[in-house]
Amino acid sequence: MKFLQLNLNHCQAAQELLSQSVLEHEIDVAIICEYYKDFLSGIFVSDRSGKAAIWTCGNRAIENTSNRIEDRFTRAKGGGINVFSCYASLSLTLDEFVLMLEKLASEASRHNPIIIAGDFNAWAEDWGSRETNARGRILLEEFSRLNVVLANTGGVNTFRRRDMESVIDLTVVSDSLSKDLQWQVSEEYTHSDHQAIIFRMERTMGEKRIKNTAVSGSDAGNAREKVAQVLEKIQKACDASMPRRTLLKKRMPNFWWNAEIEELSKVCLKARRYSQRSRNRSESEKLHNQYKKARKKLQAAISRSKTEHFKRLYKEADFDPWGGAYKAVMATIKGKRSPPITNSDLLREIVSTLFPYVSSESKLSTVQVDPSKISEATTNEVLEAAKKVAENKAPGLDGIPNKALKVAIETVPRPIRLLNGIGKLFERVIFNRLVPITEREGGLSDRQFGFRKARSPVNAISTVTEIAEKAMEANKSCAVVTLDVNNAFNTAKCSKRIAALAKLGAPKYLVHIVMEFLRERILCYDSDDGPKTYTTTCGVPQGSVLGLLLWVIMYDGILKLQLPKGVTIIGFADDIGVIIVAQDIDEIEVLTNEIIFEIRSWLEEAGLTLAEHKTEAVLITKRRKQTSIKIRIREHIIQSQPSLKYLGVMVDQRVKFKSDLKNLATKASEVPTLLTRMLPNIGGPRQSRRLLISSVVSSILLYAVPVWASSLKVEADRRKIAAPYRLSSLPTSCAYRTTSDEAACVIAGMIPIDILANEGRRLYDPSYAIGESDTNRRQLARSDSILEWQKRWDDSPKGRWTHRIIPDVCKWIKRRHGDVSYRLTQFLSGHGGYRAYLYRFGRDDSPYCPTCVMVLEDAEHVVFNCPWFATHRTEVEINAEARSTPEELRRKVTNNDRSRSSELILPRDVIPKWESRGVSKGERGGFSE
């Protein structure tokens, strides 16, 4: 492992240069003091005061951290080494310094091996100082109690300022690590008063990786041998035509790093050296000023490079709206990605916990099958299964890409008999034979909505809410209880799945194949000590085609339990929802406890465990008095709450979805704030791309919309989801924030969110447009939405100037020309650099035109009437071959004829710049373009 240690002095430029240094030197862990801000990439752990931090910037995962967050130091474990980052400022009193070291030593004594690194602001002759002060003596005493070795050698100064140098950044390591330690102070420029310390731990591997030899064979042999021969041929073909995919070892530089910054960094380093060496000389002040100028140039170059890069990103969004710009701004929402864990002992513990070994499941019984009743896989079956194989999925252990596999199958179709490296294709053939059995009458329960065609979470949630609403209409109470299963997919017994498959009536040969599919499974994983294997007896393999169907078949037993009257169980994958309807609340409690006991017993028989502490409940009732129920699961007592989340939707006590709308609005509001970084008002992608990118917000807001759309009849609920939608419409239309919702949506071409919600509800209703195809139903629903939008636009008191130019929203959104832009939006909305608008918000001293006497200067006056712009207006009229009037412009805006005479007038022609009138930005009240 490779480490970098540095005090950043709270400097932004120093932190940015650090991020480049860790890439160039391939640093795994950075130990930091006085950082500027949290790092977004990798994993970042800091102390409570924000002075000491550990940044795993490479491919090492943090295995665990300090149980308690302390001041002035923090701990993280990675690669089997416990790393401590410390910072003891000069402002600490001696007593505070002693207390900090005592806590540090106490924490360090409980871990081994350790690295303690940081800025201690202590002097001692042991690490090269001129003398030993009180702090140094205390520090040496504490270190002597630990079995550690000081890494600082040669008395190389780590702190270098113009007027002083010293050794205050220290590194100590466990004695067991010292023999593998390579430690040095880097002479590279850091933009900090401290030098970077780089050290490496060379830890030897316990095992050597063994390379697999190629298998040679002929076309003869049994089915298993033939499959091996086919795989060998495909592998050889792949190796001959393409390189095997490997992880990129060389790290790419930061996006803002360029040759200019690299050169300026060298100049800064050279200038600082000259400045430090000129102490007490006549040219000292001159050389120090030169160094300060070099620092400023470097900071300006970094800032300029970042700005230029972001401009390039949002220009590229015109060609690739989901490219670099979108990924960069959305990375904040997705959060930090943790590198894979490679510690051998920790991995073994994780694997054994996630995939418990059950001895009774290690040997499955056999099924006697009559060979004459087995229908071989046909060529058409194999080709049909190959179509469902995704090309962009990662290859398996055989290394054969799915794209190459599909080409091989389509070139020489072969019936597949045995599971091997092309197991997913084999699973797809078996899957296609099992699906008709599960979907026939008497197959899977209609209340299982997971992993089945034409069933979704919306269907499950709708079923729950329909039962609750009917109960309320009948003046009854209803309890919704959600149950969670611990590690469900990894612990389900194989024998239970086979028994469920046989009970379903599947042919014996399919049961036999599934039994072979589940037999003798080996989990392979990589660790620091080389590749490891673990025998699994339970669980569903991740990415398996057949495994999820087998899970649903097994889990169907819960849905077919004998239920008391008024009890319904809804299943979606491993999520269990129990709905209990009764007249009396006490009866609900009795029924709830009874059915949960039955479910828990069934789960334990299947090798599964109910997570009692994760059970949630909500009591739905019309009673005004606040009531609740209590559920007892062993020693746990669960109290019902005002609302709970079921499959991503908040269900409350009145089924009004107020909590869900608030939750959706909060989640969606984060997106437009980030998207504005790639959708600036001036420049950036064109409007069609802006509209596409902004659809991310509507997709978040419209999750499960058929369930809660009816609640939007309440104005307060409409405003909740309209707020984040408005935030996305403003950058899409390049509009000022003062533009009304109605005008911003029309200019952007975005149907109001509540109308879109009603459209989603109509499409979900099976009685809507009966007999029409799905395509026609969607077209009819969209037509109804536009009609509703048009009526609202006509009746609204807001955006009347925009309505005058764009009265027909249907023609506007279906036009085939003219993207809106910053200047055009000012004209269409009337909100922009017009004195009437500026005066309204206190940004100008008069609303009147400076050219015309006592005439309000608004969008209509400037574009169509003001004599100051007569020359511009004449040019526009000549080019458009028509008079410049609002009515003529309205006709051209909504005309789909793409001839030159009907083109949408470019904004720079319609709205001349304010500078053409000699009016400065300051005189416009600070409104900039």
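Values below: all heavy atoms of this structure, side chains included; hydrogens, waters and symmetry mates excluded.
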List the atom pairs, with distances to 0.1 Å, where a side-chain N or O of residues 471-484 and a protein N or O form a donor-acceptor pair under 3.5 Å, not counting sequence neighbours.
| unit_1 | atom_1 | unit_2 | atom_2 | d |
| --- | --- | --- | --- | --- |
| Ser477 | OG | Thr621 | OG1 | 3.3 |

Distance col, row Ile569:CD1 vs Leu559:CG, nearest 0.5 angstrom, shows 6.5 Å
Spacing of Arg718 atom CZ and Ile755 atom CD1 [to the nearest 0.5 Å]: 10.0 Å
Qualifying side chain to side chain donor-acceptor pair (under 3.5 Å) pairs with a residue from [range], counting only residues at least two apart or across chains:
{"range": "residues 560-579", "result": "Asp556-Lys560"}
{"range": "residues 441-453", "result": "Glu439-Arg452"}
{"range": "residues 784-795", "result": "Asp754-Arg792, Glu759-Ser785, Arg762-Ser785, Tyr768-Asp784, Gln790-Asp794, Lys791-Asp795, Asp794-His803"}
{"range": "residues 693-710", "result": "Ser694-Thr732"}

Is the distance from the ring center of Trp551 to that of Phe489 below 6.0 Å? yes
Would Lys496 and Glu605 pass as an ion pair if we require N to O under 4.0 Å? yes
Should the pair Glu604-Arg600 be classified as a salt bridge under the 4.0 Å nitrogen-to-oxygen rule? yes
Would a distance-only check, ignoring hydrogens and angles, find a side-chain to backbone donor-acceptor pair under 3.5 Å from Ser462 to Asn459? no
Indicate yes or no for a side-chain donor-acceptor contact from Ser640 to the backbone of Ala617 under 3.5 Å, with no hydrogens or angles considered. no
For the residue pair Asn490 and Asn487, confirm or rule out a side-chain donor-acceptor distance under 3.5 Å. yes
Could you note down all residue pairs passing ring pair (Phe, Tyr, Trp, His ring centres under 6.0 Å) where residues 590-622 supplies at least one of them, sequence neighbours left out? none
Please say whether the positively charged group of Arg521, taken as NZ for Lys or CZ for Arg, lies over the ring of Phe517, i.e. under 6.0 angstrom from the six-membered ring centre and within 45 degrees of the axis. yes
